[in-house]
Amino acid sequence: MIDILLNKKIGNNTYNYKLKTNSKIIAIMGQSGAGKTTFLRLLSGLLKPDSGYIKINNFVMYDNDKVNIKTKLRQIAYIFQHDNLFPHLNVAENIGLGLNVNQVENIIFWLEKFGLGYIRNSKITNLSGGEKQRIALIRALLHNPRLLLLDEAFSSLDEENKNILYNEIKSVLHSYKGHTIIVTHDYKEAMKLADEIFYLSDNKFNKVWNNYIEGEIKSIEEKDSGDIFSISSGNLLLRGIILKDFIKVGDIIKVEIESVKVKIGNMTYNEENFVDNNLLKGIVVKRIDNVYELSVDDKIIYARSDITYELNSQVNIFIKYKNVNIVK
Amino acid sequence: MATVLTPVLISLKIAFVATCFSLVIGTSLAYLLHKKNDKLGTIFETIILLPLVMPPTITGYLLLLLLSNKGILYMLVGNNLIFTWWAGVIASTIVSIPLMYQNSKSGFQSLNPVYKDIGKTLGLGRFKIIFSIELPLILPSLLSGLVLSFARALGEFGATLMVAGSIPGKTRTIASAIYFAVESGDRQTANTLMLIMVIISFLLMFSLNLWLKRKRNYN
């Protein structure tokens with residue numbers, strides 16, 4: 001789990017970061033100057049926070065000056081946009097720097113896994129941009145990091161190279177034990193790689209492409225599997241399960257539905273589809289990669305699907321009751 | 001034979017020791033001052049670079065004042081160094097420091113700060129970062145400074161003559177030996193020394209250029 005609360009004043013800018021998530025890979029987007037890189041530098045210990053804490057899987061790296069683990073001991077790998085590799089060392093030497101001698105076999109294994117065995121003894125200047133970033137990634141993973149930070153790491157690559165790389169690394173990032181934080185301005189990169197996407201603005205990490213709907217509680221039904229509430233927002237009526245919130249009919253609440261939990265598809269009669277599921281009809285308004293913007297009555301709902309639907313086509317939307325979460 | 005060989009050996013000895021001093025002093029000053037952009041830093045830097053633009057006789061005269069019985073250097077060392085080969089070392093060090101300083105400073109300035117950050121995230125300590133990453137990366141600049149300082153120290157004449165004189169077998173270097181050989185009409189000694197000096201200088205500069213060209217292939 002990533003649990004971070006950090007405060008830092010740099011010149012006239014004050015940065016306050018609060019982030020708590022279980023997701024293995026998260027992406028942070030945001031405008032230039034929003035403080036994305038500052039956030040990564042604070043995490044890595046290259047910049048000292050004024051106050052707060054950093055806990056990664058219960059390992060405390062920083063806690064209000066009581067704990068401040070040095071960068072070299074934090075086990076954080078940091079990959080920048082450029083210049084990750086030392087030009088005076090060859091590929092194997094670059095990867096091996098800081099590793100134990102007994103890791104040689106691992107180096108060869110990872111180079112082969114990425115299909116880079118043939119450049120083991122090459123000079124850095126002879127490598128392409130994609131090869132350089134792969135080498136940096138191999139080196140980072142061999143250090144078994146608690147946290148892997150990618151700061152616009154793939155921005156300088158062309159589209160074709162990026163797509164190949166995304167497919168190669170997604171499973172790798174999922175299989176190692178640590179978390180990954182990707183800072184990017186490329187929404188496609190964020191969607192392809194991350195489990196959760198945040199947009200940093202005004203010192204707040206807002207989840208991207210999640211649905212937030214505000215409405216009034218119309219009814220509450222008692223059920224063995226959990227009480228079910230109905231919320232009405234304009235013409236939209238949604239049902240959700242009450243977990244630990246104390247709500248009553250008439251309350252105005254806000255619910256969150258993650259776009260990945262919104263399923264879309266053609267209507268087929270299937271009992272499964274009607275059990276504990278909100279069934280809605282929507283029209284495809286916009287598609288950005290695998291994110292669909294759907295118009296449902298007077299609302300916009302974001303959903304993710306790998307199946308292609310034409311613009312303006314009508315689709316069925318399924319949202320499980322348990323995925324309608326009360327946030328306020 | 002001794003009239004040729006002895007000045008060559010004395011010159012090489014003085015130049016070698018002076019270059020060692022220049023390396024330590026010039027590189028340390030460059031490391032301390034390369035990030036300073038304030039007035040004080042600029043004043044220091046100007047003082048360090050002054051011997052580059054001043055006539056060597058002025059540098060020599062200043063050193064003479066400092067090394068004399070009432071000078072600061074005399075008080076510090078406690079011995080009169082004037083007209084010893086150590087005086088030649090001091091003079092050569094002073095005139096070669098600016099070259100070492102300038103070269104190492106540009107080396108430090110060209111060092112990408114990201115490398116230090118990456119080194120830290122790879123778990124490397126301060127010394128490992130300096131010796132495995134930073135020093136190898138600025139090696140071309142350091143070596144340039146070293147060779148130029150050595151060449152400058154080897155060819156030093158004016159300031160050395162002022163403080164070390166030209167005592168045969170003690171402080172007579174190639175440069176002063178050529179001067180006195182020409183003055184006394186000993187053309188053969190002058191020609192031989194000139195040839196030796198040209199060969200040494202050519203070999204030094206040629207090897208440096210060759211090495212730098214090979215080394216810069218990775219940039």
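In what follows, chains are A, B, ... by sequence order, proteins preceding strands, each numbered from 1.
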Rounded to the nearest 0.5 Å, how far does CD1 of A:Ile79 lie from CD1 of B:Ile118?
9.0 Å
Between NZ on residue A:Lys72 and CZ on residue B:Arg126, distance to nearest 0.5 Å:
11.0 Å
Can you name the closest pair of heavy atoms from B:Leu137 and A:Pro87 and give their distance?
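For B:Leu137 versus A:Pro87, the nearest heavy atoms are CD2-CG, 3.6 Å.
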Using non-hydrogen atoms and a 4.5 Å limit, figure out which bit of [X] sits close to chain B: side chain, backbone, both or neither.
| X | answer |
| --- | --- |
| A:Asn84 | both |
| A:Phe80 | side chain |
| A:Leu85 | backbone |

Is any residue of residues 32-47 of chain A within less than 4.5 Å of chain B by heavy atoms, and which ones?
A:Arg41, A:Leu46
Could you name the residues of residues 137-145 of chain A that have a heavy atom within less than 4.5 Å of a heavy atom in chain B?
A:Arg139, A:His143
Identify which of B:Leu139, B:Val114, B:Ile133 forms the greatest number of heavy-atom pairs closer than 4.5 Å to chain A.
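Among B:Leu139, B:Val114, B:Ile133, the one with the most close pairs to chain A is B:Ile133.
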Could you tabulate the donor-acceptor pairs under 3.5 Å formed by side-chain atoms of residues 38-52 of chain B, not counting sequence neighbours?
{"from": "B:Asp38", "atom 1": "OD1", "to": "B:Gly41", "atom 2": "N", "distance (Å)": "3.1"}
{"from": "B:Thr42", "atom 1": "OG1", "to": "B:Asp38", "atom 2": "O", "distance (Å)": "2.8"}
{"from": "B:Glu45", "atom 1": "OE1", "to": "B:Lys105", "atom 2": "NZ", "distance (Å)": "3.4"}
{"from": "B:Glu45", "atom 1": "OE2", "to": "B:Tyr101", "atom 2": "OH", "distance (Å)": "2.6"}
{"from": "B:Glu45", "atom 1": "OE2", "to": "B:Lys105", "atom 2": "NZ", "distance (Å)": "2.6"}
{"from": "B:Thr46", "atom 1": "OG1", "to": "B:Thr42", "atom 2": "O", "distance (Å)": "2.6"}

Surrounding [atom1] of [X] (heavy atoms of other residues, nucleotides or ligands, distance under 6.0 Å), is the total greater than 12?
| X | atom1 | answer |
| --- | --- | --- |
| B:Phe16 | CZ | no |
| A:Lys24 | NZ | yes |
| A:Asn58 | CG | no |
| B:Tyr179 | OH | no |
| B:Phe21 | CZ | no |
| A:Tyr176 | OH | yes |
| B:Lys36 | NZ | no |
| A:Lys113 | NZ | no |

Can you tell me if A:His88 uses its side chain to pair, donor with acceptor, with the backbone of B:Ser132 under 3.5 Å?
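Yes, because the side chain of A:His88 sits within donor-acceptor range (under 3.5 Å) of the backbone of B:Ser132.
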If you apply the rule side-chain contact (heavy atoms from CB on, under 4.5 Å), what do you find for B:Thr121 with A:Leu149, and how did you get there?
CA-CA 10 Å; B:Thr121 61; A:Leu149 309 174; over 6 Å; no
Need one label for B:Asp117: side chain, backbone, both or neither, based on atoms under 4.5 Å from any heavy atom in chain A.
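For B:Asp117, heavy atoms of backbone and side chain both lie under 4.5 Å from chain A.
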Partners meeting side-chain hydrogen bond (donor to acceptor under 3.5 Å, both in side chains) with B:Thr160 (sequence neighbours left out):
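Testing B:Thr160 for side-chain hydrogen bond (donor to acceptor under 3.5 Å, both in side chains), a comparison that skips the adjacent residues, returns B:Glu156.
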Top contributor to chain B interface from A:Ile76, A:Asp83, A:Asn126 [non-hydrogen pairs under 4.5 Å]
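Of A:Ile76, A:Asp83, A:Asn126, A:Asp83 has the most heavy-atom pairs under 4.5 Å with chain B.
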